[in-house]
Amino acid sequence: MSIKFFWQIPTAGDGRYADAQKRIRGERSDSKPYFLPGVTDPRGRRFNYFDHLHQIAKAAELAKFDGLQVRNDPEGDESWIVAGYLSRATRDLTVLAEFDAARGSAVYAAKNAVSYQRFSGGRFAWQISVEANESQRRRNGDYVAAEDLNTRIEEFVTVARHVITQTDYDFKGKFFEVLKGGFQGPLSGQKVPPVYLSGNDEASYALSARVADVHVLDAQPLAGIRQEITRLRQLASTVGREIEIGIRLDVLARETEDEAIFDAKRYAEQSGQGKGFAHNALWSGLTTANTGALATLVGSYQQVSEGIAELAAAGVHHFILGAVPSLEEAYRIGENVLPQVRSLIAGTSQRAA
Amino acid sequence: MAIDVFWRIPTHGEPSSLRDKLHHRGDWSQQHGDHIVHKGLSGGHEDGFTNLDYIAEVARAAEISGFQGGLIPSFPMTDEPWAISSFLARETSTFRFMIAFQPGFLNPVVAARMTASLQRATGGRALYNVITGGGGPAQLWWGDVAPHDDRYARTTEFLDVLRGVWQGEKFSYKGKFYQVEDAALPAQLLGQEFPEIYFSGSSDAALASASKHAEYYLSWLEPFDQLREKFDRVKERTDALGRKIKCAVRVDIIARRTEEEAWREVRRGFENLDDAARERYKLFAQQTGDSVGAGRQRSNAPKELNDYRDFIIHPNVWSGLSLLRGGQTQGIVGSYEQVAERLDDLVKLGADAFILASTPHLEEAYRVGEEVLPLVRGHDSAPALRVVG
């Protein structure tokens, strides 16, 4: 099975330091000139963060990633707009947009997705996430009861899949209703966006087993990952489905382990979160909450490559990787880690054959 | 105040002229069963291009020719304007994306984030065509269960919430359709221009909603006297609510160097009608639905198809356009000078903005931008001082 590497597009800021959220690269403020008065600044207000996001997307494509993951961050730019903007800027990358099922009509989302597929040559994918914080949900105009969140995702995915693939489709659920739905003419025959779900409780696993193409795990030591994979596969097989496994993982890779640890400590200071757990090379708390990863794989290029290859051997086939600053690190990881990982994985599968 | 002129984006693909039945552009060629006969000009995708590449050319043509931007419509069988706008943000310069959408399909807080991000991606070039009309089973196709008059109340609430969160202060709201608590756009998205709103809908419920939130009340072309009454009614109603609203006309035009050439274009299209188009006309004349605007258009149409001249309802106004292609029925036909004069007539009876269209939209954007727009005076009543020749 092929392994896919996604690079995360940080929608709420990116910069050189671990507390990346404070840095909106490309944006200038009239009140705070960036240069001292003795130096001219030709930029004016010509650029903003979108120009930087464009740079990251091109970097990820040139560095031979397979896709982009556009994070849904309530503090940042909206993921579908960013996804469309970056799809047009790239040729082959899968564009995985993360969003919440509270965004509105499932039919409308599916219809927009069909346009994304038509315009991108079928490169659009969905990562539907749940906002766990109730007050944040209310800020988002979402008053659905916590116990119904998974039901809404299931209905959303069910409706979207059917209106993309069928006509005369009727549905009446708790959250969505359709009569004689389905896209016709030029909008017919488009690829349903692959659905990525996540969550680390039994209900989320069961939901993924029923409707997800990929279940994205949080980073944690390998033993825990193996347990989750076993459980997900069990649940999927009881409903006669197969499910693929992904992981959300930050990476901090340097030429030597010493350099990586030095930078990891500096990042821990900058983010102010301190070091939570370090299990071999897995650190928590290095970057701020805006990357969404629970842990960072820290080490030399060789060590990080081996760590990723171990996960692949355990059954993880979709790696959503991220690091700050996203542009520079896309090249670093693309040049120094991905080639090693790919050859390690090729070697493993040859030995197995 | 100077008037704004927009173009329209042909999301439905298009033929190379009104006489041509094949949609050569995009993947909208006539279909026999499931088989699409013609797949040229990016409709087939084998060349790596898509219909978006043609749409991008039209958008570029519109901005180069001096249009503000373009209306991007939304129909069950066409691509969605939010998608088109985000994909084309970077390859246009001044083109303003007028996004047609039904507010009920989106969470207003999400829509606020989408819009603010689109403003950031485009340098403030997004605006709305808020649509609420249509009804019956068609609305359930979209997954929308709200009845007609409720939908306008919902539109009002949607825009209340959108405006509320746009300011960045904690905003709470409890309506019939939407509820939020301490909502606000994040700091990164603040300070963007709130999208200008072009509002469509002819019923009383629509006018009540428009008067609260819209900058422009948008109508199809109707017989001039009817349109004057309608605009007067809109302005009266909104003035009473303490808010000034402007009016805009969405109209197709066929402009040629001489009037004869323009009518010849119409005649050849009319003589070329096939049985399917005649059948469609019959259905159109019998159509039902709870859209008041569509009903107003139907009531002006002849019952039989005999001569194209039967459809001339006013000097330079032809009411048979929907025979030649989908969409509105009435359009302006004439020489460049006549079309400009009719547009100025519309300005006199209350129009402050236009959304123009003509087939094929790419070449015609240049023609109209180069030949007609330079002749339009708008509200400027001073004699034209333009250097000629």
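Predicted model only: the values in this text are computed from it and were never measured. Proteins come first, then strands; the chains are lettered A, B, ... in the order of their sequence lines, and each starts at number 1.
Top candidate by heavy-atom pairs under 4.5 Å with chain B, chosen from A:Gln184, A:Gln136, A:Glu177, is A:Glu177. Here B:Pro76 is the residue among B:Gly13, B:Pro81, B:Pro76 with the most heavy-atom pairs under 4.5 Å with chain A. Top candidate by heavy-atom pairs under 4.5 Å with chain B, chosen from A:Gly189, A:Ala83, A:Ser87, A:Ser188, is A:Ser87. The greatest number of non-hydrogen atom pairs below 4.5 Å with chain B, out of A:Asn112, A:Val178, A:Leu86, A:Asp170, is found for A:Asn112.
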| task | Mind running side-chain contact (heavy atoms from CB on, under 4.5 Å) on B:Arg90 and A:His54 for me, showing each step along the way? | result | CA-CA 10 Å; B:Arg90 204 178 167 83; A:His54 186 263; 3.3 Å; yes
| said: Between B:Glu80 and A:Tyr116, does the side-chain hydrogen bond (donor to acceptor under 3.5 Å, both in side chains) criterion hold? Intermediate values first, please. | reply: CA-CA 9 Å; B:Glu80 278 300 321; A:Tyr116 277 58; over 6 Å; no
| query | Between B:Trp82 and A:Ile81, is a side-chain contact (heavy atoms from CB on, under 4.5 Å) present by the stated rule, with each step listed? | reply | CA-CA 8 Å; B:Trp82 288 104; A:Ile81 297 296; 4.2 Å; yes
| request: List the steps, then state whether side-chain contact (heavy atoms from CB on, under 4.5 Å) holds for A:Asp77 with B:Arg120. | output: CA-CA 9 Å; A:Asp77 279 294; B:Arg120 285 159 50 73; 2.7 Å; yes
| message | Go through it in stages, so that I can follow the logic: the residues are A:Tyr108 and B:Trp142, the test is side-chain contact (heavy atoms from CB on, under 4.5 Å), and I'd like the CA-CA distance, side-chain angles, deciding distance and then a yes or no. | response | CA-CA 7 Å; A:Tyr108 194 57; B:Trp142 288 97; 4.0 Å; yes
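The nearest pair of heavy atoms linking A:Arg118 to B:Thr50 is O-CG2, 3.1 Å. Taking every heavy atom of both residues into account, B:Ser117 and A:Glu78 meet most closely at OG-N, 2.8 Å. Contact record, A:Gly141 with B:Val109: N-CG2, 4.1 Å, taken as the closest heavy-atom pair. Nearest heavy atoms, B:Pro186 versus A:Pro74: CG-O, 3.2 Å. Taking both residues in full, the closest heavy atoms of B:Ala83 and A:Ser115 are given as CB-CB, 3.7 Å, listed atom of the first, atom of the second, then distance.
The local environment of CD in B:Glu193 is sparse, with at most 12 non-hydrogen atoms from other residues, nucleotides or ligands closer than 6.0 Å.
With rounding to the nearest 0.5 angstrom, the CH2 atom of A:Trp80 is 9.5 Å from the CG atom of B:Leu106. Remark: A:Tyr85 OH to B:Ser85 OG distance equals 13.5 Å, nearest 0.5 Å. Annotation: the span from B:Asp79 atom CG to A:Gln117 atom CD amounts to 11.5 Å, rounded to 0.5 Å.
For the pair A:Arg103/B:Met114, a side-chain contact is recorded, criterion being any heavy-atom separation below 4.5 Å from C-beta on.
Looking at B:Trp141, its side chain does come within 3.5 Å of a backbone N or O of A:Gly182 through a donor-acceptor pair. Distance alone, capped at 3.5 Å, places no donor-acceptor pair between the A:Lys180 side chain and the B:Leu140 backbone. Under the 3.5 Å distance criterion, the side-chain polar atoms of A:Lys111 are matched with a main-chain donor or acceptor of B:Phe75. With hydrogens and angles ignored, the 3.5 Å screen pairs no side-chain donor or acceptor of A:Asn48 with any backbone N or O of B:Ala121. With hydrogens and angles ignored, the 3.5 Å screen pairs a side-chain donor or acceptor of B:Gln188 with a backbone N or O of A:Thr11. The backbone N or O of A:Ala102 lies less than 3.5 Å from a partner atom in the side chain of B:Asn107, making a donor-acceptor pair. Here the side chain of B:Asp182 pairs no donor or acceptor atom with the backbone of A:Arg139 at under 3.5 angstrom.
Heavy-atom distances place both the backbone and the side chain of A:Asp51 under 4.5 Å from chain B. For a residue to count as touching a neighbouring chain, one of its non-hydrogen atoms must lie under 4.5 Å from one of that chain's; by this rule A:Phe176 does not touch chain B. In this structure, the portions of B:Ile84 lying under 4.5 Å from any heavy atom of chain A include both its backbone and its side chain. Heavy atoms of A:Glu27 lying under 4.5 Å from chain B belong exclusively to its side chain. No part of B:Tyr178 comes within reach of chain A, as not one of its non-hydrogen atoms sits under 4.5 angstrom from that chain. At a 4.5 Å heavy-atom cutoff, the contact between B:Leu118 and chain A is made by backbone and side-chain atoms alike. Contacts of B:Ala112 with chain A are absent, with no heavy-atom separation under 4.5 Å from either backbone or side chain.
We find that B:Arg113 and A:Asp73 are not joined by a salt bridge, their nearest charged nitrogen and carboxylate oxygen being 4.0 Å or further apart.
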